[in-house]
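Encoded as structure tokens, the structure appears first; notes follow it.
Protein chains get the first letters and strands the later ones, always in sequence-line order, with residue 1 at the start of each. Every value quoted in this text rests on a predicted model; they were computed, and no experiment measured them.
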Amino acid sequence: MVRVLPDVPAIDREFDYAVPDRLVPPGGSVLVGDVVRVDLHGRRVGGWVTAVGVEPPAGVTVRPVAKVSGRGPSAELLDLAGWAAWRWAGRRVPFVRTASPERVVARLPRAAAGSGQGAPVPVVVDDVARDAFARPRAVVRLPPAADPFPYVLAAAALGNALILTPALGAARALGVRLRRAGVGVALLPRDWAVAAGGATVVGARAAAWAPMEGLAAVLVLDEHDEGYQEERTPTWHAREVVVERARRAGVPCVLVSPCPTLEAQAWGPLLAPSRQAERAGWPVVDVVDRRQEDPGRAGLYSPLLVERLRGAGRVVCVLNRAGRSRLLACARCGELARCEACGASVGQEEPGTLRCRSCATERPALCLACHATVLKNLRAGISRAREELEALAGEPVVEVSASTAGTDLPAARVYVGTEAVLHQVPDAAVVAFLDLDQELLAPRYRAAEQALALIARAARLLGGRAGGGRLVLQTRLPQHEVVAAALHADPGRVAAADRERRRALGNPPFSATATVSGAAAEAYVAALGTPPGVDVLGPRDGAWLLRATDHRTLCDALAATTRPPGRLRVAVDPLR
DNA sequence: CGGACAAGCTGA
DNA sequence: CAGCTTGTCCGG
């Protein structure tokens, strides 16, 4: 008899089944974690074995398992899924799915050896990196131009390591380098079976749930990257998952980032490089104080930036324009979309709503003249920026946005785009933030941290100080700590200022928060009540904000609340 | 989630 | 009251 968790998120219960002899693999047995198919209430669903040799409760008719499909997550990972369901107020199934192979894995291969191509390069481990792994936990501040590979090698030198990168491309590149260094590597999600057989694992967010045989060390690169957080509920964070995994396994865990989050710094000791080493790993910064320019004539491009544009090498301009569009017109009659109250042009910040930038009056997105609901974009921020830049540069300028990801960018010397441009252009001689204030003043509690992360990303395209690249920051807030941090290659300035600000405002990591939204939110909040240590704020726009002293208090309160029927979204640690 | 079954609604 | 929709329950 086995206990089975069906692969149906809404059920979130286990059921007992018998295993017919003919389904027991020859010479083996059905194990915890195995993927099965079972009949449940008139339909056949997938599921996972969560316990074997169980005694079903009296009075239930036990049905046989329909099929034993293959191997699945270990008992440790099933347990971790239970913890994650608590931590992010979700169900176990989404986590167990993430921990499972994409396709059926009938049996595991033997432990992965080195690639065998040529003689393995002896693993020379950097002293600083080895010291980081000699501690149970460490946060390493590594400047953007520095190669993190010594930390990767130091992790792999301890045995089968779990190494996370924010995106799969970086994981693939690390895998190649590790194989060349003679390390047996599994790239998740592709090599699930290899990982389960025993290997050092590299991968992105989902690899936090990789099967590991004899986990020896955990390493998270670019720990600050928001790609580590799942956007859909449960809004789990890969860094938190692997930190917990390392803790449970009693193995060292190292988080690396050019600009470590306050969450990371609250978790473990910060190892910062020498001032000299850190300066070498950040580019030279030009701060352009836009307050000094003639307000009537100041466009998007300062005289200094125009001068940099004339130099040699690739130029990348970043313009994260808040709002979907700046100027709209009716697609049917051509009437400009203007404010009813003051006549100024209105923009569309959220689909379906027009907002006046001058008096903040809002109205539904329809034409005042003919009531058509389709409006077209006359001045998307980036498109206009591109035209102006092309005129200034006197050469073709390529526009880059999230929508051009994965396509071949036209060859050009000058690029302009949203922050997506920093992910799509490999390197540059100049990176300019046309309107850094947009980032600095964003109405999010993480704005400073995120702005610095963006600058660190730009710094990667430029290389270190010796490379001669220039980072141009156009701002009206030249004293802002983010600008100062970039200028002095000292991310600690942002951390220090942000820490005090967040402490004063009770923002994470000095609290644990969750948002509750959806049709059933009101009933859920009512059922939650007012547990000690948890503040219930709102509703605002139909959503409630829960703030607790810590995650234990918050998550215990959420776990004690039964979900009412209806649509409900509970997001623990929302980035907002 | 989605099948089973009950209760409710409609039209002849 | 058949035939259909809608709602609630519950799964081994």
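- Using a 4.0 Å heavy-atom cutoff across all strands shown, R13(A) reaches at least one base atom of the nucleic acid.
- With T513(A) contributing its side chain and R547(A) its backbone, the two residues share no donor-acceptor pair below 3.5 Å.
- Here the side chains of F15(A) and R63(A) are not in contact, with every heavy-atom distance at 4.5 Å or above.
- Listed in residue order, the members of residues 34-62 of chain A having a heavy atom less than 4.0 Å from DNA chain B are H41(A), R43(A).
- No donor-acceptor contact under 3.5 angstrom links the side chains of W544(A) and S517(A), judged on distance only.
- For the residue pair R239(A) and T261(A), a side-chain donor N or O sits within less than 3.5 Å of a side-chain acceptor on the partner.
- Boundaries of the chain A contact region on DNA chain B are dC1(B) to dG3(B), first to last in 5' to 3' order (nucleotide atom under 4.0 Å from a heavy atom).
- When side chains are defined from C-beta on, V2(A) does not count as touching V32(A), because their heavy atoms never get closer than 4.5 Å.
- Each of H224(A), R502(A), R444(A) was scored for a side chain to side chain contact (heavy atoms under 4.5 Å, CB included) with E449(A), with one residue passing: R502(A).
- For the residue pair T353(A) / E362(A), no side-chain donor-acceptor distance below 3.5 Å is found, with atom types taken as modelled.
- Note: OH (Y17(A)) to P (dG12(C)) measures 6 Å, nearest angstrom.
- Between the side chain of R91(A) and the main chain of A85(A), no donor-acceptor pair closer than 3.5 Å is present.
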